[in-house]
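Here is the structure we will look at.
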Amino acid sequence: MTRILNASGCLDALAAPEVADGLDVFVTKTVTPLPRTGNDPIRIAESDVGMLNSIGLANPGIERFVAEYLPELAERIPSLWVSVGGFSAEDFALCCAALDGYACVDAIELNVSCPNVTAPADEASAIVAAARGVTSKPLYAKLSPALPDIASVAQAAEQAGARGLSLTNTLRGLILDPATLEPILATATGGLSGPALRPVALAAVYACAQATSLPIVGMGGVETGEHALALIAAGASDVALGTVLFGDPAAPHRIRTELEEAAQRRGVASAAGVFRMALGDELSASEVSSKPGIRGDLLPELTKVAVGS
Amino acid sequence: MTRILNASGCLDALAAPEVADGLDVFVTKTVTPLPRTGNDPIRIAESDVGMLNSIGLANPGIERFVAEYLPELAERIPSLWVSVGGFSAEDFALCCAALDGYACVDAIELNVSCPNVTAPADEASAIVAAARGVTSKPLYAKLSPALPDIASVAQAAEQAGARGLSLTNTLRGLILDPATLEPILATATGGLSGPALRPVALAAVYACAQATSLPIVGMGGVETGEHALALIAAGASDVALGTVLFGDPAAPHRIRTELEEAAQRRGVASAAGVFRMALGDELSASEVSSKPGIRGDLLPELTKVAVGS
Amino acid sequence: MHRHDDRRRPTRLRGMNAQLAHLRVRGNEAIGPYSLLHVERGQLDPGVPGQFFMLRTEPLLLPRPMSLCMARAGELGFLIDPTGKGTEALARLDPGDRITVFGPLGHGFPLDATDPVIVGGGIGIAPLPYLSESLRGAPALLGFRSDAHAVAGALLPNAEIVIDPVRVTEPLAEHLVSRPEATPLACGPEPMLAAVGRLASHAWLAHEAPMACGYGACFGCAVRIDGELKRLCVEGPTVLAGRLYVPDHDSSPLPSAVGVPA
Amino acid sequence: MHRHDDRRRPTRLRGMNAQLAHLRVRGNEAIGPYSLLHVERGQLDPGVPGQFFMLRTEPLLLPRPMSLCMARAGELGFLIDPTGKGTEALARLDPGDRITVFGPLGHGFPLDATDPVIVGGGIGIAPLPYLSESLRGAPALLGFRSDAHAVAGALLPNAEIVIDPVRVTEPLAEHLVSRPEATPLACGPEPMLAAVGRLASHAWLAHEAPMACGYGACFGCAVRIDGELKRLCVEGPTVLAGRLYVPDHDSSPLPSAVGVPA
Ligand SMILES: Cc1cc2nc3c(=O)[nH]c(=O)nc-3n(C[C@H](O)[C@H](O)[C@H](O)COP(=O)(O)OP(=O)(O)OC[C@H]3O[C@@H](n4cnc5c(N)ncnc54)[C@H](O)[C@@H]3O)c2cc1C
Ligand SMILES: Cc1cc2nc3c(=O)[nH]c(=O)nc-3n(C[C@H](O)[C@H](O)[C@H](O)COP(=O)(O)OP(=O)(O)OC[C@H]3O[C@@H](n4cnc5c(N)ncnc54)[C@H](O)[C@@H]3O)c2cc1C
Ligand SMILES: Cc1cc2nc3c(=O)[nH]c(=O)nc-3n(C[C@H](O)[C@H](O)[C@H](O)COP(=O)(O)O)c2cc1C
Ligand SMILES: Cc1cc2nc3c(=O)[nH]c(=O)nc-3n(C[C@H](O)[C@H](O)[C@H](O)COP(=O)(O)O)c2cc1C
Ligand code: FES
Ligand code: FES
């Protein structure tokens with residue numbers, strides 16, 4: 001089954017449990033070893049192709065997170081991933097070690113693409129290796145699209161013990177106040193998410209799906225089931241929602257429905273079937289939509305998706 | 001004066017001289033040592049946030065370029081830059097050496113961000129250094145925004161002898177055919193240009209303007225004078241037009257007019273004045289617009305543009 | 001101590017009486033330079049005065065926070081100052097146009113405040129007509145930049161109105177001299193709120209910050225509250241003055257991290 | 001040799017009788033499943049049949065190439081098959097809507113061809129009404145997928161029309177038997193053009209490729225011509241069949257690089 005997650009930092013399940021209820025997996029905002037108040041305001045800005053944020057990883061720190069937040073999350077959230085971050089491999093290891101004993105944590109997402117940490121091939125893999133050393137939980141490496149060759153970083157992460165990839169984090173962007181021509185954000189530049197990221201995230205998922213066999217959580221500008229299906233056809237097994245949640249807290253339910261409809265319009269019973277076709281698998285009779293869609297004739301072409309040229 | 005250039009690969013001055021006439025500088029499509037037919041079709045695709053191209057540096061090769069194209073360009077184009085590319089520092093040096101003797105070539109743009117050449121810090125600077133060794137012409141290093149730290153690459157290019165920066169080239173993107181869910185381009189992924197690139201290019205210009213003292217040709221999604229002015233306020237001295245030329249061959253004239261109007265609306269006589277303010281310079285009385293714009297009161301704030309936080 | 005009053009109110013976000021609805025615009029009236037946008041109410045709860053709704057329309061990526069201005073039967077009324085891309089798009093809406101509304105969100109004004117006095121400046125008048133109605137016409141003081149803006153003062157029929165260069169804090173100071181127990185319930189530009197806070201640390205201030213979500217998801221709306229950066233949409237938008245302007249800092253220049261520069 | 005005829009025609013792009021104009025839509029008529037879009041002509045030159053214009057409207061980033069279908073006084077007529085985002089946006093335009101038009105571009109059909117016979121398939125009929133008018137009603141053969149599509153055949157009153165499974169190359173082959181010197185001037189889907197090319201390497205074929213600019217700027221429209229990837233907007237869109245289907249490859253499967261997969 002295709003799972004729908006939130007993108008880290010784009011939902012607080014304790015502040016908005018009804019929104020989290022629509023998800024298959026809830027991912028926390030990135031937690032760092034020490035508490036962080038985050039960057040000074042202004043922290044968000046909007047342009048016509050996306051939004052910027054410079055939240056600055058505001059979080060209570062791993063100790064308070066484990067003591068104060070984890071118990072309540074454990075109670076409320078059926079499937080919980082914790083995103084961890086830091087400024088060195090040791091930071092990541094420290095957070096992972098602190099989480100290792102908690103059964104309620106199903107996976108750990110390593111935010112190796114935090115805007116304050118550059119992530120060249122060896123650093124990302126060093127982080128994954130350090131985390132691997134202290135926990136047996138599944139590790140998802142979350143990569144930045146601002147890499148000359150994301151596929152090689154993904155391969156390095158796989159070799160270092162990552163169990164999956166989260167693709168992608170934001171791009172660095174800048175928006176000026178049209179009146180003053182000054183940067184809107186206090187930090188000047190920030191992370192660009194939303195529509196502008198869509199083709200970039202799709203390329204990252206595609207490149208990593210061809211270069212590794214890791215399951216991929218695709219994200220970046222998903223606003224509709226069609227956008228989610230494109231990520232799946234490019235090689236993502238699951239899809240995460242970020243910016244769309246801000247304008248549409250009902251997005252988890254809506255996009256899940258739209259996603260299955262989008263698959264069925266193409267003659268496939270479910271989005272998971274489209275993913276299996278992307279892998280090159282043949283579908284069984286039950287995976288073909290019983291109500292063949294308007295483009296049921298396209299089935300044979302769909303199987304070529306992951307092959308490309 | 002703020003100059004308006006075309007982005008390399010987005011105009012053929014010999015096929016459309018009337019369009020080139022609107023520019024202050026014409027930049028050729030990237031020329032490589034050997035002729036290239038380019039990638040197989042389909043080579044272009046459109047999404048709602050930008051377009052993809054995978055032209056694949058189709059060009060006649062430096063020898064034929066110098067023999068067959070340069071004489072006619074020399075005759076027609078008042079200010080000519082040649083973009084050169086390749087797969088190693090030697091390739092770039094070979095092209096630069098071949099151009100060095102031609103007085104009509106005012107500058108050479110080094111396309112170190114060609115999608116087929118990865119450009120980590122040392123490689124970009126090695127290319128600049130190799131080119132610097134064989135020509136005394138001004139060298140502009142054209143960088144990719146898909147770098148973890150573009151400012152450090154810009155600094156390395158400066159130290160290696162670059163006389164300016166062209167920012168930025170495309171991001172890697174993917175667009176699927178909505179009916180088949182297959183990549184539209186024969187190469188699957190391609191270079192993403194247009195609106196999606198705008199905040200990313202602005203951030204790149206801003207970061208490099210703070211990190212180096214090199215003049216910067218800003219480009220990426222410019223469609224209006226306001227977009228051009230934003231690049232200038234972020235630190236670009238000149239602006240190049242790419243994707244916009246495809247839909248609007250009259251863009252050079254239109255954007256030049258809009259750009260000056262945009263400066264004047266902010267109480268500055270010209271776009272060049274906005275650039276000087278971005279550098280932190282004080283404007284003389286003649287540089288302040290004689291018709292103070294609607295936001296003439298914003299002048300003091302404008303001077304803070306390049307300082308940010 | 002007033003300070004902890006704030007904590008006793010139910011966390012509406014957790015309770016989620018907020019709902020998302022795709023609604024139609026009923027009308028859009030010019031009120032001086034502002035637009036009074038009438039939206040059908042659907043099944044939405046109008047909430048408490050000072051609470052807000054996230055409003056989204058084409059071509060916005062993000063919704064914009066707007067206080068509920070009026071709660072006529074079957075309708076939600078929002079008063080909008082068209083100063084940017086989003087507010088201009090909202091102010092341009094025509095009857096029949098679609099709009100997405102999510103709310104009510106955040107904490108409203110305490111309706112049981114001792115001897116309330118309503119204070120507003122400029123577009124800060126937005127939540128006050130609903131507040132005034134709920135408080136059965138408590139005294140109200142309004143300040144405006146110009147006669148043109150002061151047209152909106154008619155939305156609070158019993159209000160005393162002052163125009164620049166007179167500041168609304170002048171009649172408020174007089175009011176507090178005669179009624180020292182009075183609780184100002186204020187909304188307006190940052191400098192006005194700070195001045196109200198200096199006059200009365202027990203005042204309730206409806207604050208502003210850029211918001212992407214309005215329901216605690218993005219951490220974009222950080223404001224210094226109790227000396228720490230907190231989410232205004234969760235802690236506020238109405239906050240006790242003493243929590244925003246910490247006494248030790250009272251005489252120092254306003255912390256620049258608070259509020260949105262105009 | 002026909003092959004070099006192509007080179008003698010003036011390079012219109014260099015001469016630039018192409019102009020950019022912001023125009024108004026006059027009307028949009030349904031013709032079977034197609035839309036016949038009437039645009040005011042402004043100062044634009046209608047060009048030669050087979051030349052094309054780049055049409056752009058909201059919300060498109062890039063313009064779309066469209067052959068001129070009709071050149072009534074003061075008007076440009078385009079026949080549009082709504083099959084994707086761009087063509088659908090164009091087919092939805094209403095009278096009074098704005099549209100940006102750039103052209104005429106590329107090389108049209110040779111109007112001095114020996115004994116011309118017009119051949120069209122599906123939406124490939126688009127440039128043929130204007131061509132037929134210019135050739136004073138030369139014989140025309142049209143193939144359509146269905147009766148519904150064949151409604152568009154009425155745009156060429158003297159045409160002989162066949163419907164799937166009959167292929168238009170069948171009457172063309174007969175025509176060429178009786179008139180071996182006849183020059184087919186054809187527009188239609190890639191397999192049809194290839195079949196026409198096999199019947200007559202001296203035919204002129206109006207080809208298609210994705211185009212971002214239409215005037216030689218982007219190198220996006222590459223098509224294998226004379227065995228090399230060349231810009232269709234500069235070399236074509238009408239190209240001598242022998243240049244597209246190089247004789248040695250005639251019997252091999254169609255080179256996949258040619259034409260846009262339907
Ligand atoms: C709780 C609350 C209630 C409000 N009630 C009203 C009201 O009733 N009437 C009214 O006219 N205005 C109200 N505002 C202010 C209004 O939300 C902003 O003016 C508006 O969001 C600015 O958007 P814009 O696109 O027009 O301006 P721009 O400056 O172009 O906005 C760009 C971005 O900055 C954000 N932003 C900028 N300034 C603010 C701000 N002050 N508050 C929130 N986000 C901001 C926007 O969300 C957007 O993402 C309220 C703000 C808050 C926080
Ligand atoms: C010289 C020329 C003349 C044409 N004349 C007509 C005409 O008169 N009537 C008509 O209905 N169609 C005509 N076409 C085809 C028409 O331009 C395409 O169907 C249209 O561009 C597809 O755009 P879309 O957004 O609807 O489809 P999509 O498939 O969504 O297009 C996506 C992208 O691919 C490009 N593209 C895809 N297919 C083509 C194609 N075959 N040709 C060009 N670009 C393509 C588009 O430019 C766009 O960038 C002509 C094409 C050419 C090259
Ligand atoms: C306000 C905001 C806060 C974010 N915080 C985090 C974070 O703490 N950790 C992280 O890994 N990614 C963070 N992200 C990135 C998102 O998880 C996601 O990768 C990105 O926004 C792309 O998805 P979208 O386009 O759907 O938003 C944040 C994004 C936004 C918009
Ligand atoms: C069709 C196309 C071809 C391009 N070819 C080149 C090229 O040959 N060399 C180069 O340095 N950049 C090339 N670019 C990148 C542009 O020069 C420019 O950096 C990029 O398109 C961003 O600007 P824009 O958003 O205004 O298009 C090309 C871009 C496009 C769209
Ligand atoms: S607006 Fe998103 S957390 Fe407050
Ligand atoms: S369409 Fe751009 S070169 Fe032909």
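- In this structure, Ala233(A) and Leu181(B) approach most closely via the heavy-atom pair CB-CB, 3.8 Å.
- What you find for Arg172(B) and Ala203(A) is that their closest heavy atoms are O-CB, 3.8 Å.
- Leu147(B) and Pro148(A) get closest at one heavy-atom pair: CD2-CG, 4.1 Å.
- Interface remark: of the candidates Pro145(A), Pro178(A), Ala207(A), Ser47(A), Pro178(A) forms the most heavy-atom pairs closer than 4.5 Å to chain B.
- By the salt bridge (charged side-chain N to carboxylate O under 4.0 Å, His left out) test, Arg43(A) is found to be paired with no residue, residues two or more places apart in sequence or in another chain being considered.
- Applying the side chain to side chain donor-acceptor pair (under 3.5 Å) test to every pair with at least one member in residues 232-241 of chain A, sequence neighbours left out, gives these pairs: Arg3(A)-Asp238(A).
- With chain A as the partner, the residue from Gly173(B), Pro199(B), Ala201(B), Ala204(B) showing the most heavy-atom pairs under 4.5 Å is Pro199(B).
- With rounding to the nearest 0.5 Å, the separation of CG in Leu176(A) from CG in Leu202(B) is 5.0 Å.
- At a 4.5 Å heavy-atom cutoff, the contact between Asp48(B) and chain A is made by side-chain atoms alone.
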